[in-house]
Amino acid sequence: MDKIRIVDKEFRLLVSSDKIQESINRLADQMNKDLKGRNVFFLGILNGAFMFVSDLIRRIDLECQISFLKLATYEGSSSSGSIKRLIGLDEDISGKTVVILEDIIDTGFTIDSILKQLKGYGPRDIRIAALLFKPDSFDRDSRPDYIGIEIPNDFVAGYGLDYKGYGRNLKDIYVMNDKL
Ligand code: IMP
Ligand code: MG
């Protein structure tokens, strides 16, 4: 289906399931080459990355561990931005190569905050993989190490990503139709 409705908005198809799977194949090939012989710890960011992680990981033939973490947002009454604290990481990542698996990187604020906190756990190094990347919105110095698909700076849902909590179950990725 090319057009769908999620809650109160119309969305249209942006990235088909086939194209998603193709780009995940490519990312897995790259990682299998780059990270050969390393002690790898894949860390998925919930909720959005659950589908990406499950499709990617079955194509990885490295000796590795897989876990997830979640971000808890605190709105400080006087602070300008929101602080995101990591919750759920109870494994030891010290000395390991950590690969963060994110559904989407937009401005880069979230991934920056994750990076700063993870460095405190003493990993050997940290790499960032994002299924989707919005280059026109990203305002940080360094791009993710692994990028699945670059997309325009518009709101998307499906394949793990939600709009108002819905749409995560869709196998394709849809973009919000704002020109109505
Ligand atoms: P950033 O901090 O601006 O990079 O935004 C990252 C987070 O915002 C992601 O982990 C998503 O949860 C959410 N996000 C950003 N863009 C979208 C989108 O187009 N659809 C759904 N969620 C998004
Ligand atoms: Mg997310």
Side-chain angles (χ1 to χ4, degrees), residues 1-17 19-21 23-24 27 41-57 66-76 79-89 98-120 126-180:
M1 259 196 299
D2 271 10
K3 275 189 184 163
I4 57 158
R5 201 170 176 79
I6 306 174
V7 190
D8 53 2
K9 293 277 185 202
E10 193 174 275
F11 286 72
R12 66 185 152 75
L13 185 66
L14 182 71
V15 189
S16 70
S17 166
K19 197 168 164 219
I20 295 170
Q21 298 303 323
S23 61
I24 293 177
L27 291 181
F41 195 104
F42 287 99
L43 197 51
I45 311 300
L46 294 173
N47 294 327
F50 73 95
M51 276 205 196
F52 174 40
V53 175
S54 83
D55 282 339
L56 177 86
I57 216 69
I66 303 146
S67 190
F68 291 89
L69 61 79
K70 216 176 157 82
L71 297 169
T73 308
Y74 294 93
E75 309 284 350
S79 93
S80 47
S82 54
I83 301 153
K84 297 190 173 185
R85 190 172 62 88
L86 305 184
I87 50 175
L89 183 64
V98 175
V99 181
I100 301 173
L101 302 175
E102 257 286 35
D103 51 355
I104 186 164
I105 295 180
D106 184 355
T107 62
F109 175 83
T110 306
I111 198 69
D112 246 34
S113 155
I114 295 171
L115 269 178
K116 281 192 193 113
Q117 295 179 68
L118 278 183
K119 280 177 183 157
I126 304 176
R127 311 221 175 166
I128 298 163
L131 176 65
L132 302 175
F133 181 60
K134 295 180 179 174
D136 299 338
S137 173
F138 189 69
D139 71 353
R140 311 278 148 162
D141 299 331
S142 54
R143 286 162 53 94
D145 304 282
Y146 301 98
I147 294 172
I149 303 156
E150 294 198 356
I151 60 167
N153 193 11
D154 296 315
F155 191 86
V156 295
Y159 195 77
L161 292 123
D162 73 300
Y163 168 62
K164 293 189 174 176
Y166 290 84
R168 295 193 196 273
N169 55 310
L170 300 164
K171 67 178 171 48
D172 309 288
I173 293 168
Y174 293 83
V175 60
M176 191 184 283
N177 239 343
D178 262 340
K179 296 157 216 107
L180 287 177

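Numbering of ligands and ligand atoms starts at 1, following listing order.
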**Request:** Would you mind running through ligand 1 and noting each atom that sits below 4.0 Å from a heavy atom of Asp103?
**Result:** 10 (O)
**Asked** Under 6.0 Å between ring centres, would you say that holds for Tyr174 and Tyr163?
**Response** no
**Asked** Which bit of Asp154 gets closer than 4.0 Å to ligand 1, counting heavy atoms only: side chain, backbone, both or neither?
**Response** backbone
**Asked** Is it true that Ala157 lies under 4.0 Å from ligand 1, counting heavy atoms only?
**Response** no
**Non-hydrogen side-chain atoms of Phe155 and Lys9 separated by less than 4.5 Å** = no
**Contacting atoms of ligand 1, where contact means under 4.0 angstrom from a heavy atom of Phe109** = 2 (O), 4 (O)
**Asked** Would you find a donor on one side and an acceptor on the other, under 3.5 Å apart, between the side chain of Gln117 and the backbone of Leu86?
**Response** yes
**Asked** Does CG belonging to Asp139 count more than 12 external heavy atoms closer than 6.0 Å?
**Response** yes
**Prompt:** Under a heavy-atom criterion of less than 4.0 Å, does Leu161 contact ligand 1?
**Reply:** yes
**Message:** Suppose we screen for side chain to side chain donor-acceptor pair (under 3.5 Å). Which residues come up paired with Asp112, at least two apart in sequence or across chains?
**Reply:** Arg140
**Prompt:** Is Ile105 in polar range of ligand 1, meaning some N or O pair under 3.5 Å apart?
**Reply:** no
**Asked** What do we get for Asp162 next to ligand 1 when only non-hydrogen atoms under 4.0 Å count, side chain, backbone, both or neither?
**Response** backbone
**Message:** Name the residue from Asp136, Leu131, Ile104, Val175 that meets the side-chain contact (heavy atoms from CB on, under 4.5 Å) definition with Ile151.
**Reply:** Ile104
**Request:** Answer yes or no: does an N/O atom from Val156 fall short of 3.5 Å to an N/O atom of ligand 1?
**Result:** yes
